[in-house]
Amino acid sequence: MARTFLLQPDEAAPSRLTLDYAGDLNAQQHAAATTGPGAVLVLAGAGTGKTRTLVYRVAYLVETGTPPEEIVLLTFTRRAAREMLGRASALLDGRCERVQGGTFHAFCAQILRRFAPCLGLPHGFTLLDASDAADVLDLLRTRAGLDKTAKRFPKKGTLQSVVSAARNKDADVAETLAERYPHFATHAEAVAEIAAAYAVYKRDHGLVDYDDLLLLTLQLFDEHPEVKALVASGIRHVLVDEYQDTNPAQARLVEAFASVHGNAMAVGDDAQSIYRFRGADFANIFGFPERFPGARLLKLEENYRSTQPVLDLANRLLAQATRRYDKTLFTTQKPTGERPAVVAARDDRTEARFVVQMILQQREAGVPLARMAVLFRSAFHSFELELELARRGVPFVKFGGMKLAEAAHIKDVVAHLKLAENPRDAPAWLRVLQLLPGIGARTADGIAAWTTGGSTEPYTLPENAPKLRKHVHRLEALMALLRALQAPGLSVVQQVEAVLAYYAPILKDRYAEDFPKREQDLEHFAGLADGFRSRAAFVEALALDPIELTALNVEAEVHDEPPLVLSTVHSAKGLEFDTVFVIHLLDGYLPSAYALASADDLDEELRLLYVAATRAETNLFLSYPVAQYRRFAGDVLTKPSRFLAPLGPDVLEPMQLVETSAPPLPPPTTPALPRPPRTLKPVSPLPSGDADANLPF
DNA sequence: CAGACTTTACTTTTT
DNA sequence: GTAAAGTCTG
């Protein structure tokens, strides 16, 4: 252990606080926001003002003399970081704007860009998102000839999830495979080989996947203590939100970030841990005091969000868990309210009609659409509801599910941009080349071998490429495009437009049936590029901050009224709404069919429902269809979620749907809902455009 | 070896 | 309804 010497600040810290911390916060929140230096663990139940506390904590640190750029706020999504820093800045006249904020992944990406050469990585390394990684694995599988085995071999998506899970848990690939996909256990050896080949391939081509962002940063710190010291000395305070959803690598990163100044604050709630599938371990929360000996433990207990009846239901839900949570949510602010209701609808359609009609009724009663949310386990559970909403002209945004950056046509365009950025990006070459008629996997692999081999000038064809004669014209056009993208002074939007012009005929050809829809996506996409200073920043933001496709579509339209929110429970984390509907509460949906076999998995599903329920401030409706039409089975009777059974009428009021014989007349008091306008406006840019600004060192 | 065509299985949650 | 895998033809 090195000796420490305490440097004094050059200027005296401002002595007077401008915010009324004691007045704006309750006693527990105040204690957390204004606590002294050192390690602090804040256990904060749902709705206890965790965000508010963190916002005031940031403001307090800044007011007491910590330079904003030396504070790092790590959150689960960039959206969360943006919101908190925005609020803190508003409190302090913008003085918090330079606070570092974002996800672990984004923050690590910044560090790695800076110190890439220490690890033998190129500065311009390419980030692989999950589906890029899957594509690489697919290529390696084909190369190894494993795509034609007698027994079914895991496909690329499965491979990717196994390889990633193994790395996240620091476990053996073969074991992870046997555990998660027992039916593939016979292929354990081959999968382990592919995983090894994948690591080599990434290294050879300067590729970095999500897991690498965390693990390479740790490796960087291990191998170069001087880099670790440099980074950590620039981090006066590190604050971590949603600590229950961090994995062991992230816990180690926090320790490293705080290794000089020792100021780490972790905030979380073990009852809201819902990312186990991704390697998160709520045990991290309880490991915090061991990692930081002498850490203080603070609690936020009083709930400010929900009415007591909503909390009663949430408490009763949690009591079902196999694991004991010593947690009882209570409020003194909102002691009374409607009991949450459970609705057994006849079928999907009826459930959707109920939800929409109740939403319209609430809206009439004065609840804005945007203060209501419909939550579900999986993105596709809302299909029927989306139809019904469209039918009734109710505007909505949907979070979760398909990401813009994952749509094939978007990936095509992005691949061109990636190539313009990094001519050695082999996966991008493969993708781009295979768009050309007459070029398939084999030919593309051959061409990519020389384009990424480094022996030729980038973006030029070799003098006498023997087998390319047939394709020379098309390849020339591609190279011309890539060279054109290098022109100095070309804005990111102009570059996207250049790619789109090149890509348009390919799009029409490949997606003959639905190309107008995809063309529209691409127009939105071009709009997103606006506001980015560099192509590199744009491409990186797309990988680190994926935009939900459906959210984008609706945001692009001008609304007179902010839309209703549809969201997966996962994506609704940290949000709150006046009225919440949780739909499709069926065994096999929530809890998911995948979780039924293990008690730990079931517990996580239960926590998921707990998170969903605690989003509600005033009204909570749980619903499910009694019968469903399923493709092969026809009409089936469903099984209500097992989590509902223990909830008696004292906490959950059954509500029966009765059809009226005549359709109700439209209530004259209802103002007409805004007609969804058709005009396309350029959508707002990703607010995270300057990922590379303000490094803390 | 590419691509059109047919068959099959598969549908969690996300950085 | 979609995407991947399998089959056949030029």
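So that the names make sense, note that chain A is the first sequence line, chain B the second, and so on, each numbered from 1.
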A.B. asks: Starting at CG of A/L596 and ending at C1' of B/dT12, how long is that distance when rounded to a whole Å?
C.D. replies: 12 Å
A.B. asks: Compare all side-chain heavy atoms of A/I583 with those of A/E351 and state whether any distance is below 4.5 angstrom.
C.D. replies: yes
A.B. asks: Are any of A/T77's side-chain N or O atoms less than 4.0 Å away from OP1 or OP2 of B/dT14?
C.D. replies: no
A.B. asks: Contact between A/R377 and A/T568 at the side-chain level, heavy atoms closer than 4.5 Å - yes or no?
C.D. replies: no
A.B. asks: Starting at atom CG of A/L375, determine the distance to atom C1' of B/dT12, rounded to an integer number of angstrom.
C.D. replies: 15 Å
A.B. asks: Grab the CG-C1' distance between A/D135 and C/dA3 for me, whole Å please.
C.D. replies: 13 Å
A.B. asks: Please check if the number of heavy atoms outside A/R278 that lie under 6.0 Å from its CZ is greater than 12.
C.D. replies: yes
A.B. asks: Let's see if you can work this out: which of B/dT12, B/dT15, B/dG3 has an atom nearest to the side-chain heavy atoms of A/H105?
C.D. replies: B/dT15
A.B. asks: For A/A593, which contact category applies under a 4.0 Å heavy-atom criterion: base, sugar-phosphate, or nothing?
C.D. replies: nothing
A.B. asks: Between B/dT14, B/dG3, B/dT13, which nucleotide gets closest to the side-chain atoms of A/S378?
C.D. replies: B/dT13
A.B. asks: In whole angstroms, how far is the C1' atom of B/dT12 from the NE2 atom of A/H381?
C.D. replies: 8 Å
A.B. asks: Given B/dT15, C/dA4, B/dT12, identify the nucleotide with an atom nearest to the side chain of A/T103.
C.D. replies: B/dT15
A.B. asks: How long is the line joining NZ of A/K573 and C1' of B/dT15, in whole Å?
C.D. replies: 11 Å
A.B. asks: Rounded to whole Å, how long is the line connecting atom CZ of A/R167 with atom P of B/dT15?
C.D. replies: 19 Å
A.B. asks: Heavy-atom nearest nucleotide on DNA chain B for A/T158 versus A/D211: which residue maps closer to 5'?
C.D. replies: A/T158
A.B. asks: A cation-pi test, strictly: NZ or CZ of A/R276 under 6.0 Å from the centre of the six-membered ring of A/F282 and no more than 45 degrees from its axis. Yes or no?
C.D. replies: no
A.B. asks: So, do A/Y594 and B/dT12 meet the stacking rule of ring centres under 5.5 Å and planes under 30°?
C.D. replies: yes
A.B. asks: Taking CZ from A/F380 and P from C/dG1, how many angstroms apart are they, rounded to a whole number?
C.D. replies: 15 Å
A.B. asks: Would you check if A/F104 stacks with the base of B/dT15, given a 5.5 Å centroid limit and a 30° plane limit, both strict?
C.D. replies: no
A.B. asks: Only pairs with both distances under 3.5 Å count, Watson-Crick or wobble alike; so what is the partner of B/dT12 in this structure?
C.D. replies: none
A.B. asks: How far, in whole Å, is C/dA4 from B/dT13 if one measures between their P atoms?
C.D. replies: 16 Å
A.B. asks: Let me know the distance between CG of A/L433 and P of B/dG3, rounded to the nearest Å.
C.D. replies: 12 Å
A.B. asks: Do the side-chain N and O atoms of A/R323 and A/Y325 include a donor-acceptor pair separated by under 3.5 angstrom?
C.D. replies: yes
A.B. asks: Considering just the side-chain nitrogens and oxygens of A/S571, establish if one lies under 4.0 Å of OP1 or OP2 belonging to B/dT14.
C.D. replies: yes
A.B. asks: Heavy atoms only, 4.0 Å cut-off, all strands: where does A/I439 land among base, sugar-phosphate and nothing?
C.D. replies: sugar-phosphate
